[in-house]
Amino acid sequence: MKRKRSNQTWWQRRVAGLSEKTRRQPQSLPPFSRKTWPLYADITIQTVKSLAYYFIGALFIGGCFAGGLLAGYFASIIDQTPVPTKAAMTKTLNNVSASTTLYWAKNVEISHVKSDLIRDTVSIDKMSPWVQKAIIATEDENFYQHSGVVPKALVRALVSEVTGIGSQTGGSTLTQQVVKMQYLSNETTFKRKAIEIMYALRLNHYFSKQEILQEYLNIATLGRNNKGQNIAGVQTAAKGLFGVDAAHLTLPQAAYIAGLPQSPSVYTPYTITGSLKPAK
């Protein structure tokens, strides 16, 4: 009886060893046929899934790395840029004199020269509510919700700039546009964009939304009037295009003016001589 149990134990060990050896040996796929095609399809699907997971993981890691580099670069620029005081920003913000700054290469300022822009400034309570709503709807629909910048719009603009895919909007809010027109040059670099973001955050901190909106509505370039003069501000546009004050603009008139900042030279109805453009 003991010998029989010993032989049985040895046989079980032998079978187990052979089974383990067999499992370790590479198994070749059967030939492709009508019966085996599901096996091939399943293997293909699993391979594609694995490659997709690896690709997504690589993109995620690369995105985190790129985001860290951009954040570090942004922080280094901000660290070297003096934070403007409210008094300094107020002085520049209220300066709506029609002047143009000339620059040498590398953004070295030459001098200020008088611009040919015609501008009449008015307070926001003398502007039609229609034009205020139309500008916000056209230029920055989340104006009253954000803190001066919209991170998603900035990321979208950055991806569009790098890849060339999508709308070239620049991701600018109304606050950022005020910063560009009043505080910065037209230089298009990542450094200028970083400073623009910092200034927009400070502007939103120091001033109310109504003050920022009023400034934009007084400085935005809006094409030409019926004399062929270059104009800026909704009051000048209202008088030069429709012969009324900004407070009396109707909804259609306000909507027309709100569309002009997109491309003033293209959408303005008058030529440089003051005559109406021919209908296309």
Side-chain angles (χ1 to χ4, degrees), residues 62-96 101 107 124 131-222 232-234 258-264:
C64 291
F65 181 72
L69 287 177
L70 288 174
Y73 179 64
F74 178 82
S76 67
I77 293 173
I78 297 304
D79 186 60
Q80 299 171 7
T81 304
V83 179
T85 63
K86 182 176 182 180
M89 294 196 81
T90 301
K91 181 179 179 180
T92 304
L93 189 67
N94 293 334
N95 180 18
V96 293
T101 306
N107 205 35
I124 198 166
V131 76
Q132 298 178 43
K133 294 177 181 179
I135 283 290
I136 291 174
T138 305
E139 296 290 319
D140 186 1
E141 62 181 358
N142 297 314
F143 175 68
Y144 288 109
Q145 284 75 45
H146 61 66
S147 58
V149 296
V150 178
K152 290 191 296 183
L154 292 174
V155 172
R156 185 170 60 249
L158 176 62
V159 172
S160 178
E161 180 72 21
V162 174
T163 64
I165 301 174
S167 174
Q168 303 292 326
T169 61
S172 294
T173 62
L174 280 178
T175 311
Q176 288 174 259
Q177 293 183 52
V178 170
V179 168
K180 285 189 287 188
M181 290 186 282
Q182 290 296 92
Y183 297 95
L184 303 178
S185 68
N186 291 325
E187 181 187 14
T188 55
T189 62
F190 285 114
K191 180 179 180 179
R192 194 206 62 80
K193 192 68 175 179
I195 297 174
E196 174 192 312
I197 293 171
M198 188 265 284
Y199 269 60
L201 293 172
R202 301 309 295 176
L203 195 69
N204 190 80
H205 176 71
Y206 289 143
F207 302 95
S208 68
K209 291 291 186 179
Q210 290 300 93
E211 289 175 314
I212 296 171
L213 179 60
Q214 173 182 289
E215 186 64 27
Y216 178 86
L217 291 171
N218 276 322
I219 63 177
T221 54
L222 299 170
V234 297
L260 288 172
Q262 299 291 323
S263 184

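Since the model is a prediction, treat every value here as computed from it, not as a measurement.
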Determine whether His205 and Leu201 make a side-chain contact, defined as any pair of heavy atoms from C-beta on separated by less than 4.5 Å.
-> no
In terms of heavy-atom contacts, Ala220 and Met181 come closest through CA-SD, 4.2 Å
Separation of Met198 CE from Arg202 CZ (nearest 0.5 Å) | 8.0 Å
Does Ser208 have any side-chain hydrogen bond (donor to acceptor under 3.5 Å, both in side chains) partners at least two apart in sequence or in another chain, and if so, which?
-> Glu211
What's the shortest heavy-atom distance between Val178 and Ile212, and which atoms?
-> CG2-O, 4.0 Å
Could you grab the distance from atom CD of Glu141 to atom OG1 of Thr173, nearest 0.5 Å is fine?
-> 12.5 Å
For the student: nearest non-hydrogen atoms of Pro261 and Tyr216, plus distance = CB-OH, 3.5 Å
Here the pair of heavy atoms bringing Ser172 nearest to Gln177 is O-NE2, 3.9 Å
Just jot down the side-chain contact (heavy atoms from CB on, under 4.5 Å) partners of Lys209, sequence neighbours excluded, or say none.
-> Phe143, Tyr144, His146, Asn204
Drop me the distance from Thr175's OG1 to Ile197's CD1, to the nearest 0.5 angstrom.
-> 12.5 Å
What are the two closest non-hydrogen atoms of Phe207 and Lys86, and how far apart are they?
-> CZ-O, 4.4 Å
Any residue meeting ring pair (Phe, Tyr, Trp, His ring centres under 6.0 Å) with Tyr183, in chain and number order, not counting sequence neighbours = Tyr199
Quick one: pull up CD in Gln182 and CE in Met89 and give me the separation to the nearest 0.5 Å.
-> 10.5 Å
Taking all atoms of both residues into account, what is the closest heavy-atom pair of Ala200 and Gly148, and its distance?
-> CB-O, 3.9 Å
Working to the nearest 0.5 Å, report the span between CG of Leu184 and NZ of Lys193.
-> 10.0 Å
Leu213 side, atom CG; Leu174 side, atom CG - distance, nearest 0.5 Å = 6.5 Å
Qualifying residues under side-chain contact (heavy atoms from CB on, under 4.5 Å), relative to Gln262, sequence neighbours excluded | Thr138, Glu139, Tyr267
